[in-house]
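Reminder, nothing fancy here: chain letters follow the sequence lines and each chain counts from 1.
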Number of protein chains: 2
Amino acid sequence: MLIKEFTVMRASQFFISTLKEAPADAEIISHKLMVRAGMIRRLGSGIYAYMPMGLRVIHKIENIIREEMNRAGAVELLMPLVQPAELWQETGRWQKYGPELLRVKDRHDRDFIIQPTSEEVITDIARNVIKSYRQLPINFYHIQTKFRDERRPRFGLMRGREFTMKDAYSFDRDVAGLKKSYQVMFDAYIKIFTRFGLKFRPVAADNGAIGGSGSHEFHVIADTGEDALVYSRDSDYAANMEAAVALPPTAQRAAPSKTLQKVPTPGQKACEDVTTFLNQPLSQSLKVIAAIRTDIPEEEAGHFAIILMRGDHELNEIKTQKNIGEFRFASESEIVHYLGCPSGYLGPVGLSERTDIALYADHAVTVMSDFICGANEKDMHYTGVNWERDVPLPSTVADFRNVVEGDPSPDGKGTLAIQRGIEVGHVFQLGTRYSEDMHATYLDENGKPQLMQMGCYGIGVTRIMGAAIEQNNDERGIIWPVSIAPFEVVLCPLGYDRSEMVRNTADKLYGTLKNAGLDVLMDDRGERPGVMFSDWELIGIPHRIVIGERGLKEGKLEYQGRRDKEATAVAIDDMANFIKDKLASE
Amino acid sequence: MLIKEFTVMRASQFFISTLKEAPADAEIISHKLMVRAGMIRRLGSGIYAYMPMGLRVIHKIENIIREEMNRAGAVELLMPLVQPAELWQETGRWQKYGPELLRVKDRHDRDFIIQPTSEEVITDIARNVIKSYRQLPINFYHIQTKFRDERRPRFGLMRGREFTMKDAYSFDRDVAGLKKSYQVMFDAYIKIFTRFGLKFRPVAADNGAIGGSGSHEFHVIADTGEDALVYSRDSDYAANMEAAVALPPTAQRAAPSKTLQKVPTPGQKACEDVTTFLNQPLSQSLKVIAAIRTDIPEEEAGHFAIILMRGDHELNEIKTQKNIGEFRFASESEIVHYLGCPSGYLGPVGLSERTDIALYADHAVTVMSDFICGANEKDMHYTGVNWERDVPLPSTVADFRNVVEGDPSPDGKGTLAIQRGIEVGHVFQLGTRYSEDMHATYLDENGKPQLMQMGCYGIGVTRIMGAAIEQNNDERGIIWPVSIAPFEVVLCPLGYDRSEMVRNTADKLYGTLKNAGLDVLMDDRGERPGVMFSDWELIGIPHRIVIGERGLKEGKLEYQGRRDKEATAVAIDDMANFIKDKLASE
């Protein structure tokens with residue numbers, strides 16, 4: 001075997017700085033542990049330095065991404081961080097992007113932005129360097145610092161302002177090509193997240209105008225995740241909450257069994273309050289949501305819209321926008337202005353005659369009977385309301401709600417379950433969104449210019465670091481998956497400075513493991529065993545080998561995996577193979 | 001041997017985009033060739049995207065730096081690009097740094113800067129994480145994007161605005177420690193630049209207040225370089241032009257042989273014109289430089305200063321500032337105001353009585369005799385001027401000039417030569433410049449706080465790419481040193497798509513070379529040989545192997561090194577070892 005020259009990574013030289021206490025501003029476990037383990041340091045709101053241990057994790061994440069992107073045929077370049085505003089003006093994002101876009105003026109008072117993403121720049125490059133259909137398809141990616149001026153940066157690396165992202169952009173001749181490039185990236189992402197050693201789930205996401213299966217998010221599963229993921233227990237259906245389809249109910253509506261009654265409900269406004277007050281289940285109540293259509297002028301019919309939901313269901317804003325168009329929620333004064341009644345007491349009875357108001361209902365509402373709703377009169381509700389008998393069903397019925405646990409899966413296979421996730425990747429079919437605005441064309445076989453079909457594919461490099469910890473930690477600290485751990489193995493010699501036997505064994509083992517291609521750290525700091533062990537458990541090194549005089553006299557070393565409850569004695573000469581087997585089986 | 005899985009790098013998939021013509025704005029050869037080879041693309045003034053071939057060079061440069069920095073015991077971290085202004089205010093650089101510092105306001109109107117360098121941030125980290133003398137010395141480095149808003153960006157990567165730099169910062173207990181850390185970095189830089197395969201020279205540089213051998217620059221040697229490097233032909237003395245010492249002349253001044261004469265020199269102002277007009281050598285004339293001391297009020301004596309130089313010598317501004325203090329050159333109207341005579345006719349005769357004017361002379365002036373100088377009267381000069389007889393020597397004589405080829409070396413060994421260089425590295429002893437302003441202290445053995453002694457060490461990663469090309473190119477294109485070439489070897493099969501024999505041989509050779517650890521590209525584009533060869537010569541791949549049917553029938557492949565005039569036939573089975581030997585000998 002080739003013995004390569006290597007640099008011994010020594011803890012004494014490699015900067016180690018652990019803390020007993022987490023900073024006051026750290027709200028979530030990954031943030032607390034990263035700071036305590038000395039992996040990151042806050043420089044400003046949402047701005048961090050990656051300390052040596054943390055940077056090693058980032059580099060490992062980047063290298064896995066790089067290898068799999070290359071393997072998938074993508075090619076790496078590097079786009080600038082400071083980008084000319086002109087390009088962003090071409091696509092209109094200079095105007096549309098809110099204060100999250102960090103804008104800068106240079107010494108000549110010219111406008112620039114600090115990149116939050118690079119669609120404009122890559123499209124500019126593509127329209128300049130790609131002339132012919134023969135150069136397509138191509139998929140460019142870069143791994144680069146991004147900046148998004150979040151209103152409220154928090155959760156450490158989860159919602160930072162400066163962060164590292166891998167963003168890839170594919171260019172194809174046509175939609176069929178785009179779909180193929182998209183699938184190649186989807187498959188590469190599965191490989192990448194599998195190699196990270198994380199439990200993850202790709203879910204279908206809403207992709208706006210394009211429709212179809214044109215967008216997926218990749219989530220790391222974690223109870224602390226900000227996003228709700230929906231999946232079928234019995235099939236591979238999975239979508240994020242925005243995109244998960246609620247099927248229309250299959251059950252028939254029960255016949256009316258109660259009479260319509262107007263009852264006083266003084267001060268009871270929320271469905272929860274009304275049904276508690278009336279001692280009825282929440283699902284028997286009707287929720288009325290008043291919306292203002294921003295795409296219809298105030299004087300036109302339909303500017304004011306009402307959406308009816310079952311009391312225990314939640315409105316899904318993305319679906320609502322798809323169903324009714326651009327909207328915002330109506331203010332209290334607008335509600336009073338249009339309906340002559342404060343919110344909290346609204347209901348469809350009597351409203352169906354109003355031709356100026358657009359009425360919508362969620363599917364689930366259509367099978368309700370004997371339900372409760374507002375009487376359009378302060379402090380009054382109806383009970384025993386029934387469709388058709390008391391009030392006609394709105395003519396437009398659609399899927400307006402978030403699915404709930406137990407809903408039938410849209411693919412007809414089993415029921416839906418919900419779990420929490422952290423979004424760490426996103427693949428998206430852009431189509432000609434950018435190539436149209438920027439006139440990015442190629443010449444086809446007939447010499448005719450055609451718009452390039454684009455896809456974009458992001459992975460949040462620094463966020464993965466946080467997500468991995470959210471998923472893998474215990475009371476002692478971080479538990480890194482071995483593929484992204486700062487080091488795979490740490491050697492802890494007891495008395496490295498005092499005992500020649502210990503030092504020689506440790507040095508020899510270090511060389512053996514290093515030459516076998518392992519990423520090993522030597523803890524030569526001379527700290528007490530307790531300090532050493534708690535440092536490495538906090539930092540989360542997967543494999544620990546203790547070299548002590550007592551064990552050596554019996555020809556043994558001590559091994560302990562980060563998830564192990566206790567140590568195992570291993571013969572000195574067997575240790576290298578023992579560790580290699582451990583790593584191979586992960 | 002372990003057969004590793006590898007990704008075949010194919011030219012068809014890897015984006016290749018060469019141009020016949022260089023862009024109009026490219027002034028220097030490296031810029032022209034990089035654009036023509038498709039390595040960089042301009043996005044804005046001084047802002048470039050690194051295209052796939054170019055990025056590979058950058059990554060190779062970064063990896064060599066990283067390996068040698070780690071080997072030298074430095075530890076890598078990553079500091080943010082967007083840095084809070086508060087830190088820069090602590091050191092006063094927020095105020096002092098000119099328009100080159102890109103300043104930004106975030107959405108909350110707070111001030112930030114885009115890092116041009118990271119002294120403030122690293123000192124902030126150090127003062128927070130370093131508590132005890134036991135944690136010192138430590139040397140942190142990062143490889144990160146920088147931005148300097150140059151007034152006139154040009155020369156491609158030589159003077160860009162956004163660029164990549166490795167900057168390292170050492171922290172020591174005391175000056176002795178700093179000097180040791182400095183030497184370790186100096187040695188590491190020698191290794192790094194040697195591994196780049198570039199001809200380079202470290203030169204002593206001026207380091208302002210600290211003095212001694214506290215600063216060195218590393219230059220890539222190139223005739224097109226912006227900087228003049230001074231070195232002794234017979235010793236290891238080397239300095240940049242600012243720092244190179246001109247020794248006082250050892251010869252005695254010759255006795256006067258001419259009489260003082262005032263001669264009309266109508267319209268002759270520059271020394272060159274006057275001596276030509278009078279038919280005398282330039283070195284016989286005296287150059288008079290008028291300066292305004294910005295650190296002395298206008299009404300005080302010495303505000304106006306005059307420096308006397310030999311006509312063929314150049315003023316060195318750094319030395320001048322050290323000798324006389326902060327200054328600027330006097331304007332024509334200031335000269336007339338103080339001396340009553342326009343510039344071009346000035347001379348010391350008569351001025352030595354003026355107590356309001358400070359008079360200085362360069363060493364070389366003191367041994368002049370029978371010289372020419374202005375008569376402080378329009379269109380008139382003196383000839384046959386002699387010190388002491390006609391005018392006293394200024395009391396302050398010092399080294400004010402740039403050295404010239406042939407000057408004696410300051411170490412007494414041989415004479416000086418001058419060559420051009422491109423500055424690509426700089427090591428600097430900062431001392432307590434930053435730790436004092438930012439109160440970066442550690443507790444010493446006695447528990448007493450002490451200021452940390454700092455050093456800083458930069459390498460211009462992207463600039464090296466340009467400098468390497470300035471040094472290594474020919475009429476066909478770039479000639480990369482193998483260690484930083486985008487690929488080490490390119491395989492050019494003739495008829496990869498048509499001939500099974502060619503394809504099989506090429507594929508097999510690719511695998512063999514790749515498994516031997518070589519960085520190989522397969523040109524599977526199906527281009528004509530002429531196009532293939534000129535592309536790879538322009539891009540500058542060091543080793544090319546041609547696989548063609550005609551050669552294969554005789555069991556041969558064709559090898560050509562980038563600097564070779566013609567190809568060499570090599571037996572198929574010998575090729576792998578042939579190439580490995582070539583690489584090993586570089």
Side-chain angles (χ1 to χ4, degrees), chain A residues 1-2 7 9-10 13-15 17 38 41 43-45 47-52 54-56 58-59 67 70-71 73 75-84 86-87 99-100 102-104 106-108 110 112 114 121 124-125 128-130 135 138 140 142 144-145 147 149 151 161-162 164, chain B residues 1-2 7 9-10 13-15 17 38 41 43-45 47-52 54-56 58-59 67 70-71 73 75-84 86-87 99-100 102-104 106-108 110 112 114 121 124-125 128-130 135 138 140 142 144-145 147 149 151 161-162 517:
Chain A
M1 187 190 295
L2 181 74
T7 306
M9 300 302 272
R10 298 179 185 278
Q13 210 167 34
F14 199 90
F15 194 76
S17 163
R41 261 202 78 78
L43 259 301
S45 172
I47 298 177
Y48 293 88
Y50 297 88
M51 297 297 288
L55 184 61
R56 286 184 76 87
I58 297 296
H59 280 170
E67 282 178 23
N70 291 348
R71 194 165 289 165
V75 55
E76 187 175 4
L77 44 55
L78 186 66
M79 289 179 273
L81 208 101
V82 177
Q83 305 184 345
E86 288 77 15
L87 294 177
E100 281 181 21
L102 192 63
R103 295 154 207 259
V104 204
D106 77 355
R107 65 193 291 158
H108 302 296
R110 279 188 295 250
F112 290 84
I114 308 297
V121 167
D124 179 63
I125 289 174
N128 280 296
V129 300
I130 296 173
Q135 290 170 285
I138 185 88
F140 292 112
H142 72 163
Q144 172 71 306
T145 307
F147 199 93
D149 201 355
R151 195 174 55 81
R161 296 202 287 176
E162 184 171 318
T164 303
Chain B
M1 187 191 296
L2 182 75
T7 307
M9 299 304 271
R10 298 177 185 280
Q13 212 169 34
F14 198 91
F15 194 76
S17 165
R41 261 201 77 76
L43 260 301
S45 173
I47 298 177
Y48 293 89
Y50 297 88
M51 297 297 289
L55 185 60
R56 286 184 77 86
I58 296 296
H59 281 170
E67 282 177 24
N70 291 347
R71 195 164 291 165
V75 56
E76 188 176 5
L77 44 56
L78 186 67
M79 289 178 274
L81 208 101
V82 178
Q83 304 184 346
E86 287 78 12
L87 294 177
E100 281 180 22
L102 192 63
R103 294 154 208 258
V104 205
D106 77 355
R107 66 191 292 158
H108 302 297
R110 279 187 293 250
F112 289 84
I114 309 296
V121 168
D124 180 62
I125 290 174
N128 280 295
V129 300
I130 295 171
Q135 291 169 284
I138 184 88
F140 291 114
H142 73 162
Q144 173 69 306
T145 307
F147 199 94
D149 202 356
R151 195 174 56 82
R161 296 202 285 178
E162 185 171 317

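Shortest non-hydrogen contact noted between Val75(A) and Phe15(B) is CG2-N, 4.0 Å. Across all their heavy atoms, Gln13(A) and Ile138(B) have their closest contact at O-CD1, 3.7 Å.
Looking at His142(A), neither its backbone nor its side chain comes within 4.5 Å of chain B, counting heavy atoms on both sides. With a 4.5 angstrom heavy-atom cutoff, Leu55(A) touches chain B only via side-chain atoms. For Glu162(A), the part sitting under 4.5 Å from any heavy atom of chain B is the side chain, from C-beta outward, and nothing else. With a 4.5 Å cut-off on non-hydrogen atoms, Phe147(A) touches chain B through its side chain but not through its backbone. For Ile58(B), no part sits under 4.5 Å from any heavy atom of chain A, backbone or side chain. The contact between Leu81(A) and chain B is made by backbone and side chain atoms together, counting heavy-atom distances below 4.5 Å. With a threshold of 4.5 angstrom between heavy atoms, Pro84(B) approaches chain A through side-chain atoms but not through N, CA, C or O. Looking at Leu43(B), the atoms closer than 4.5 Å to chain A (heavy atoms on both sides) sit in the backbone and in the side chain alike.
When each of His108(B), Gln144(B), His59(B) is checked for heavy-atom pairs under 4.5 Å with chain A, His59(B) comes out on top. Options Glu76(A), Glu86(A), Arg56(A), Glu67(A) differ in how many heavy-atom pairs under 4.5 Å they form with chain B, and the most are formed by Glu76(A). Ranked by heavy-atom pairs under 4.5 Å with chain A, the first of Pro80(B), Ala49(B), Gly44(B) is Pro80(B). When the candidates Asn70(A), Val82(A), Ile47(A) are compared by the number of heavy-atom contacts under 4.5 Å with chain B, Val82(A) comes out ahead. Chain A forms more heavy-atom pairs under 4.5 Å with one residue of Thr145(B), Ile114(B), Ile130(B), Ile125(B) than with any other, namely Ile125(B). Of the residues considered (Arg161(B), Arg10(B), Arg110(B), Gln135(B)), Arg161(B) shows the highest number of contacts with chain A, using heavy-atom pairs under 4.5 Å. Per-residue heavy-atom pair counts under 4.5 Å with chain A were compared for Gly38(B), Gly73(B), Ser17(B), and the maximum is reached by Gly73(B). Contact count versus chain B (heavy atoms, under 4.5 Å) is highest, among Asp124(A), Asn128(A), Leu87(A), Val121(A), for Asn128(A).
Residues meeting the salt bridge (charged side-chain N to carboxylate O under 4.0 Å, His left out) test with Arg103(B), sequence neighbours left out: none. The side-chain contact (heavy atoms from CB on, under 4.5 Å) test applied to Arg107(B) returns Pro99(A), Glu100(A), Asp149(A), Arg151(A), not counting sequence neighbours.
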> Under the side-chain contact (heavy atoms from CB on, under 4.5 Å) criterion, do Arg41(B) and Val129(A) qualify, and how do the steps go?
Replying inline: CA-CA 9 Å; Arg41(B) 261 201 77 76; Val129(A) 300; 3.6 Å; yes

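Atom CG of Leu78(B) sits about 11.5 Å away from atom CE of Met51(A), to the nearest 0.5 Å.
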